[in-house]
Amino acid sequence: MAIAASFAPLPRSFYARPADVVAKDALGKILVFEREGVSLAGRIVEVEAYLGIRDRAAHSFGGRRTARNEVMWGPPGFAYVFFIYGMHFHLNLVTDAEGLPCAVLLRAVEPILGEEVMRVLRGTTSKSAKAMLLTNGPGKLCQAFGISRAHNGLDLCTKPLYLSAGDVPRHIKSCARIGVEYAGSWAKRLLRFVDSDSRYLSVRPGRRTGC
DNA sequence: TGAATGATTTACT
DNA sequence: GTAAATCATTCAA
């Protein structure tokens with residue numbers, strides 16, 4: 001198994017590109033979170049891109065700048081964490097240039113390090129005891145890593161939370177984003193990217209996603 | 001000051 | 001396959 005010391009944060013230049021480019025490039029990268037001496041890591045296998053003020057599905061649509069999405073307007077390479085549905089957190093990577101509120105939503109990872117810790121943080125029930133179910137969803141991923149609103153605005157180019165280089169997936173598929181049917185034509189844009197070889201995806205290939 | 005809603009997950013019929 | 005849980009944020013008044 002890989003050791004934590006071999007992980008190193010990606011440079012800010014990785015994030016300083018359009019969200020759809022960063023999203024596709026983020027597949028196969030390693031999400032690392034070092035908390036209280038324990039390292040958690042997972043390989044990114046599913047992401048979605050949100051393209052700023054033109055994107056009806058994005059929080060920053062129409063140029064709305066609020067206390068919640070303030071981080072999206074800042075420089076790239078920072079974490080945008082928000083709370084939704086009264087019970088879930090979502091983790092995003094702020095991308096592109098400062099002033100352009102674009103982001104990449106992390107939807108699923110494959111556990112690499114600290115699976116036991118993730119299991120505890122998730123409070124596994126008998127039905128979610130399988131490793132596969134630990135991090136295959138945006139809300140689950142945050143719970144498994146112990147990420148909450150306290151981590152909103154963290155610099156992803158330094159510890160404790162960052163992305164590290166990883167292998168490139170052999171097969172990348174793009175399809176429609178999840179849960180944004182209200183966004184009109186934007187809901188049909190292929191801004192969701194998955195490693196189609198992974199079994200850790202949040203939504204299985206089917207009619208709803210067009211995969 | 002109050003009401004509506006959402007980048008979801010889970011359990012149950 | 002359908003519905004409930006649950007609350008910060010946002011918008012209207």
Side-chain angles (χ1 to χ4, degrees), chain A residues 15 18-20 22-24 26-27 31 42 44-73 78-96 100-109 111 118-153 174-194 200-211:
Chain A
Y15 303 96
D20 52 340
V22 176
K24 189 182 287 187
L27 290 177
L31 174 66
I44 298 171
V45 295
E46 179 178 348
V47 298
E48 285 181 5
Y50 288 84
L51 301 185
I53 63 176
R54 298 168 312 161
D55 186 348
R56 282 190 70 158
H59 286 164
S60 51
F61 171 66
R64 292 198 316 276
R65 182 169 185 161
T66 65
R68 178 171 68 155
N69 65 28
E70 176 65 30
V71 178
M72 289 180 76
W73 296 84
F78 285 81
Y80 171 39
V81 182
F82 64 90
F83 190 60
I84 192 152
Y85 291 127
M87 39 172 59
H88 299 294
F89 292 103
H90 283 195
L91 172 61
N92 298 252
L93 318 173
V94 176
T95 69
D96 218 308
L100 294 178
C102 304
V104 172
L105 168 68
L106 302 187
R107 293 188 54 89
V109 303
M118 295 182 192
R119 217 178 275 277
V120 172
L121 286 170
R122 288 269 292 127
T124 55
T125 66
S126 56
K127 278 200 169 184
S128 60
K130 293 177 183 172
M132 183 185 160
L133 299 174
L134 278 174
T135 55
N136 65 332
K140 296 178 181 179
L141 182 157
C142 288
Q143 192 180 8
F145 274 75
I147 291 171
S148 71
R149 220 178 46 170
H151 305 102
N152 187 38
S174 57
C175 42
R177 289 175 292 185
I178 307 297
V180 294
E181 285 80 7
Y182 62 85
S185 62
W186 282 92
K188 298 171 188 159
R189 297 284 297 267
L190 303 181
L191 295 174
R192 174 176 178 243
F193 301 97
V194 304
Y200 291 75
L201 305 181
S202 66
V203 179
R204 295 148 198 73
R207 59 180 236 280
R208 195 178 157 198
T209 60
C211 281

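Reminder, nothing fancy here: chain letters follow the sequence lines and each chain counts from 1. Computed over heavy atoms, backbone and side chain alike; hydrogens, waters and symmetry mates excluded.
Judged by Watson-Crick or G-U wobble contacts below 3.5 Å, the nucleotide dT1(B) has dA12(C) as its partner. The nucleotide dA7(B) finds no pairing partner, because no Watson-Crick or G-U wobble arrangement with both distances shorter than 3.5 Å includes it.
With rounding to the nearest 0.5 Å, the separation of CG in Leu121(A) from NZ in Lys140(A) is 15.0 Å. Interatomic distance, CD of Glu48(A) versus CZ of Arg189(A), reported as 13.5 Å (0.5 Å rounding). Once rounded to the nearest 0.5 Å, the distance linking CG of Leu106(A) with CD1 of Ile44(A) reads 5.0 Å.
Looking at Arg149(A), its side chain never comes within 3.5 Å of a backbone N or O of Phe89(A) through a donor-acceptor pair. Side chain of Ser60(A) to backbone of Pro101(A): a donor-acceptor contact under 3.5 angstrom is found.
Contact annotation: Thr66(A) does not reach the phosphate of dT9(C) (side-chain N/O to OP1 or OP2, under 4.0 Å). Within the 4.0 Å cut-off from OP1 or OP2 of dT9(C), not a single side-chain nitrogen or oxygen of Arg64(A) is found.
The nearest whole Å value for the distance from the CG atom in Leu134(A) to the P atom in dT9(B) is 13 Å. Spacing between atom CG of Asn69(A) and atom P of dT9(C) amounts to 11 Å, rounded to whole angstrom units.
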Under a 4.0 Å heavy-atom criterion, the protein footprint on nucleotides 3-8 of chain B, written with B, S and -, is ---BBB

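Asp96(A) is linked by a side chain to side chain contact (heavy atoms under 4.5 Å, CB included) to Pro18(A), Leu100(A), Cys102(A), counting only residues two or more places apart in sequence or in another chain.
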